[in-house]
Amino acid sequence: MIIRQLLYFIKKAIQNIRVFFVINLVTIGIISLSLIVLSTFLMISLNLEHCLDKWKSQINVTAYLKEAVTPEELTLVKQKITDFHEVKKISFVSREEALSLLKDTFPGQSGVFEELKDNPLPASIEIQLKEEYNNPQTIKNFAVKVEKISAVDEIEYGRIWIKGYAAFFNFVKSAIVAVGAVILLATVFIISNTIKLTVYARKEEIEIMKLVGASNFFIRTPFFIEGIFQGLLGAFVALLALYAGYHVFTNWMAHSSFLPLQFMQISFLPLKYVILIGVGGMVTGFLGSFFSLGRYLKI
Amino acid sequence: MIIRQLLYFIKKAIQNIRVFFVINLVTIGIISLSLIVLSTFLMISLNLEHCLDKWKSQINVTAYLKEAVTPEELTLVKQKITDFHEVKKISFVSREEALSLLKDTFPGQSGVFEELKDNPLPASIEIQLKEEYNNPQTIKNFAVKVEKISAVDEIEYGRIWIKGYAAFFNFVKSAIVAVGAVILLATVFIISNTIKLTVYARKEEIEIMKLVGASNFFIRTPFFIEGIFQGLLGAFVALLALYAGYHVFTNWMAHSSFLPLQFMQISFLPLKYVILIGVGGMVTGFLGSFFSLGRYLKI
Amino acid sequence: MIQMFHVYKSYTSRHRALSDINLKIDKGEFVFIIGPSGAGKSTLLKLMFGAEQPTRGQIIVNGMDIGRGKGSDIPLLRRRAGFVFQDFKLINHQTVYENVALALEVIGLNKKTIRKKVYQALKHVGLLNRMNAVPLVLSGGEQQRVAIARAIVNDPMILFADEPTGNLDQDITKEIIRLFKIISSWGTAVVIATHNRSLLSYHPTKLIALKKGIVQGVFVSSYKDSDTYIPQ
Amino acid sequence: MIQMFHVYKSYTSRHRALSDINLKIDKGEFVFIIGPSGAGKSTLLKLMFGAEQPTRGQIIVNGMDIGRGKGSDIPLLRRRAGFVFQDFKLINHQTVYENVALALEVIGLNKKTIRKKVYQALKHVGLLNRMNAVPLVLSGGEQQRVAIARAIVNDPMILFADEPTGNLDQDITKEIIRLFKIISSWGTAVVIATHNRSLLSYHPTKLIALKKGIVQGVFVSSYKDSDTYIPQ
Ligand SMILES: Nc1ncnc2c1ncn2[C@@H]1O[C@H](COP(=O)(O)OP(=O)(O)OP(=O)(O)O)[C@@H](O)[C@H]1O
Ligand SMILES: Nc1ncnc2c1ncn2[C@@H]1O[C@H](COP(=O)(O)OP(=O)(O)OP(=O)(O)O)[C@@H](O)[C@H]1O
Ligand SMILES: [Mg+2]
Ligand SMILES: [Mg+2]
């Protein structure tokens, strides 16, 4: 019985979609275009955030060691630092490594360093903190603790930069959230109001159905199905277009003459967002029908 | 006569807007939201482009001078370099300045440099090229020419970086253009199709007007005025919202704890783009009406 | 079956469409409401059908008090009633068949029963051959007959018909009224609003004369399937 | 004024709405087209008005060959003609006044003239007091009278009326037909399609009987403002 009724409603919805084919096409077009803009934005900002996070995870505290550190002391220091709960990873940079790094940074001036009698650079331990400790205060606290280790000469952690980094990070994040909210609102508004316009064009049909004794449920359901279908198809088209665009773009990047781009990893929307957009399209389509119909269903 | 007729059409359009107030509101809402997304994107990308351009203008070629350069020779070299038509600006970096710059770059390791007997760094001239010569080939040609100057020891211009830079620049530019094109298309499509839906809801009115002998011109004009009005008002609302957002945002930036942000200059859309969006809204509104009506005007 | 007590209806504050209507229509009655244009005939029918709410007074149809605006009862009433609207109220993008079937689909009948009943109704009004046309391509009279078919297809307990023969010629009018009479003889109350006094020759059991929203008189016929009509 | 030569009209390939119509209507004539539902009366009127194109044949109205589908001439014809549509075709979101005024606005008359003429037309159909209502709130008969007012407001050279009294009671019908007669006496050709044979008592100058799209006969009256009607 319930299945028969559902089938009936689906049949009705399909029939309506056929009859109002152009309108449905236009509606689905509008929905998918809104969603393309939304999902493109989403993809770009997720990738951007990923970049930022990577960058964030690269911020290190450097502990310069005293010149006269024995291998035994070194092992001890390493152990001590690793034992701090804030620490995620450490890596040792020997004096020789430090010098060759410096030379690499100034390729044009290698002569300068050759003049040095002996290597003036200290060995150091680069410390990467766990994400949750990547803020100015905890880094500072951590630095104080590390400085107390006897083999450690000096601590380097770019005080200003870290504070600024957090602010910048927040800045980019809030900009993304703000623009994203505008786009999301725009999308929802556009979709639901487009459906409102299509329902408006069919208000007489609704009135007539009421007059032959149809319950609100009976009238609404095919509209809901239609709205859900429009939202879903719109989302599908949008995601397809996004994927096509993504494909072309990454292909282009892979063949770019700019090396860093070749290695830059842009990822497509994660599955959960793909599902979110699909479900979001459906829900918006449904709600669009729901609120548009309300007005015409009063006796 | 013509003015009377125009007034009549405007009166009709106003009347229609009043009668279909909700529909008009919805339409204008959809238009302005689409335009908000478009103009936000436009503003962001213009600012981004501005940033990139600034950066571009900062790419320098550095000419390291031989150690034994006399002040007279120096003046000559400076003159020679300035005379190249590619050059926009030069600045001289003395040996002392070079050393202190190096020290600043490695604040933790100042001890290293104190050990140096005498300053091993050469003096240099930093050369900023005119924008139009900022591409790998011309920079290379230029470098060859400069290297021939007798007082010049070596030329440094980051071959890979420059090539990469251009690619990166192109990359960002084409990404902006691509996304912008999607948004623009989406906006135009959404606006014109929204108007199509509103016209559909009024097809009977159009039929009746034809039947009482109205010419196509007579029927169309009020719709055109309505479409233009919707587009214009939509653009106006969008720009207002954008400006409000811009205001809030720059305010927030000025009070940001991140210093670089305080000095970052974000500019609002230049007047020509403001006008473009206004005119674009109008034209799209007009064309939306134009194409939507066509179908219903055949006898 | 239908009772109205002191019913008033004003659409606007300045103008009263109906004043102090009291009437009673029984099972199987065949009632005409006559009166000039704007008298309130359509309004009276719409009130009985719950398509309009009375400003004042009580309306009881089939035991339900429909004047109170209890929305949920009205669809139930409508599924057991039929209504031929003066302006037909057909869905333009659906075929004749679908328009008529709609009145059965809302009840939830199965496809086969629906098909049988719709065919029968369309046959009664002589439109079986136009079944797959949409109303827009039909002549005025054909549209009116679709509206009639939809009103009778659900074997209504009450049948309202607002000017049901305004677009029909004499011969078809005769057919339709005969059909209504048959339906009435099965116990259905039939209420017809018309300006056409020539319909009076079809012998209603009750005649309600309206003018400017006021009942001018209710005439009850004692005629029983004979040829004379005696107004009381 | 109107001439049709061998006109055929088929909406669908299976069905012919009109077959081989030949007729001639002169200035000042008062013509009835009668026939049962679906006979093709409305189609015939629509052809004369350019609202439909003939499948075959020639239609000349007021010297224009309107069958050729030359779109630009038809608006001009319509501005000099009036048409009462069977389904009224009123703009629902405009008031009665605006609906009637529209027929004058398309001609480009000035506001004052329009007001005067609209008032007069509404007065003729007895709707001056409903001037500011929208059609949706009017009774069926009132809507029909608005349609009539719009058709006569531009002093048409030809007046087409499709079932113009289907929703009107006897008294108003009489009024309206009298009005049409007066308009006809000024030289306007009046063509009325109806199923209502009782209208024949109003003495047309020409009577065209249609059935299934075929002219059954054209009767020309020799009656001249006297009381007898003699079909030829
Ligand atoms: N929705 C409405 N809003 C305002 N006034 C209305 C509405 N419906 C009807 N009226 C007015 O109420 C009066 C009675 O209308 P009704 O439709 O009942 O008349 P009627 O007897 O059916 O006339 P007709 O024979 O012309 O159809 C008319 O004057 C009409 O204008
Ligand atoms: N647009 C159309 N498309 C297809 N068929 C049509 C169309 N308009 C009318 N018909 C058909 O043409 C035939 C004649 O229709 P027409 O409206 O001329 O009849 P009529 O004489 O006016 O009838 P009535 O008295 O019922 O109004 C009918 O069978 C009708 O179904
Ligand atoms: Mg009525
Ligand atoms: Mg007809």
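We use all heavy atoms of the structure for the numbers below, so side chains are in, but hydrogens, waters and symmetry mates are not. Labels below follow one simple rule: chain letters A, B, ... track the order of the sequence lines, proteins then strands, and each chain is numbered from 1.
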Residue [X] excluded, over 12 heavy atoms near [atom1] under 6.0 Å:
X	atom1	answer
B/Phe236	CZ	no
D/Lys27	NZ	no
B/Tyr8	OH	yes
B/Phe268	CZ	yes

Check each atom of B/Asn16 against the heavy atoms of chain D and say whether the ones under 4.5 Å are side chain, backbone, both or neither.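 Interface part for B/Asn16: side chain.
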Go through the atoms of B/Glu205 and report whether side chain, backbone, both or neither lie under 4.5 Å from a heavy atom of chain D.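 Both backbone and side chain of B/Glu205 come within 4.5 Å of chain D.
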Worked verdict on D/Ile91 versus B/Met209 for side-chain contact (heavy atoms from CB on, under 4.5 Å): CA-CA 9 Å; D/Ile91 300 179; B/Met209 291 183 82; 4.2 Å; yes
Test item: [X] and [Y] side chains (from C-beta on) under 4.5 Å apart, heavy atoms:
X	Y	answer
D/Glu98	B/Gln15	yes
B/Ser215	D/Arg79	yes
D/Arg150	B/Val212	yes

Compare every heavy atom of D/Val106 with every heavy atom of B/Phe218, then report the nearest pair and how far apart it is.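 Residues B/Phe218 and D/Val106, closest heavy atoms: CE2-CG1, 3.6 Å.
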Least distance between heavy atoms, D/Leu102 atom then B/Lys12 atom: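 For D/Leu102 and B/Lys12, the tightest heavy-atom pair comes out as CD1-NZ, 4.1 Å.
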Would you give the length of the straight line joining atom CG of D/Asn92 to atom CD1 of B/Ile208, rounded to the nearest 0.5 angstrom?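 D/Asn92 atom CG to B/Ile208 atom CD1 measures 7.0 Å (nearest 0.5 Å).
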Reported NZ-to-CD distance for the pair D/Lys89 and B/Glu207, which is rounded to 0.5 angstrom: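 One gets 4.0 Å once the value is rounded to the nearest 0.5 Å.
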Greatest number of heavy atom pairs closer than 4.5 Å to chain B - which of D/Asn110, D/Asn99, D/Ile107, D/Asn154: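 With the most close heavy-atom pairs to chain B, the winner is D/Asn110.
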Determine which pairs satisfy ring pair (Phe, Tyr, Trp, His ring centres under 6.0 Å) with at least one residue from residues 197-217 of chain B, sequence neighbours left out, and list them in order.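 Applying ring pair (Phe, Tyr, Trp, His ring centres under 6.0 Å) to every pair that reaches into residues 197-217 of chain B, excluding sequence neighbours, yields B/Phe9-B/Phe217.
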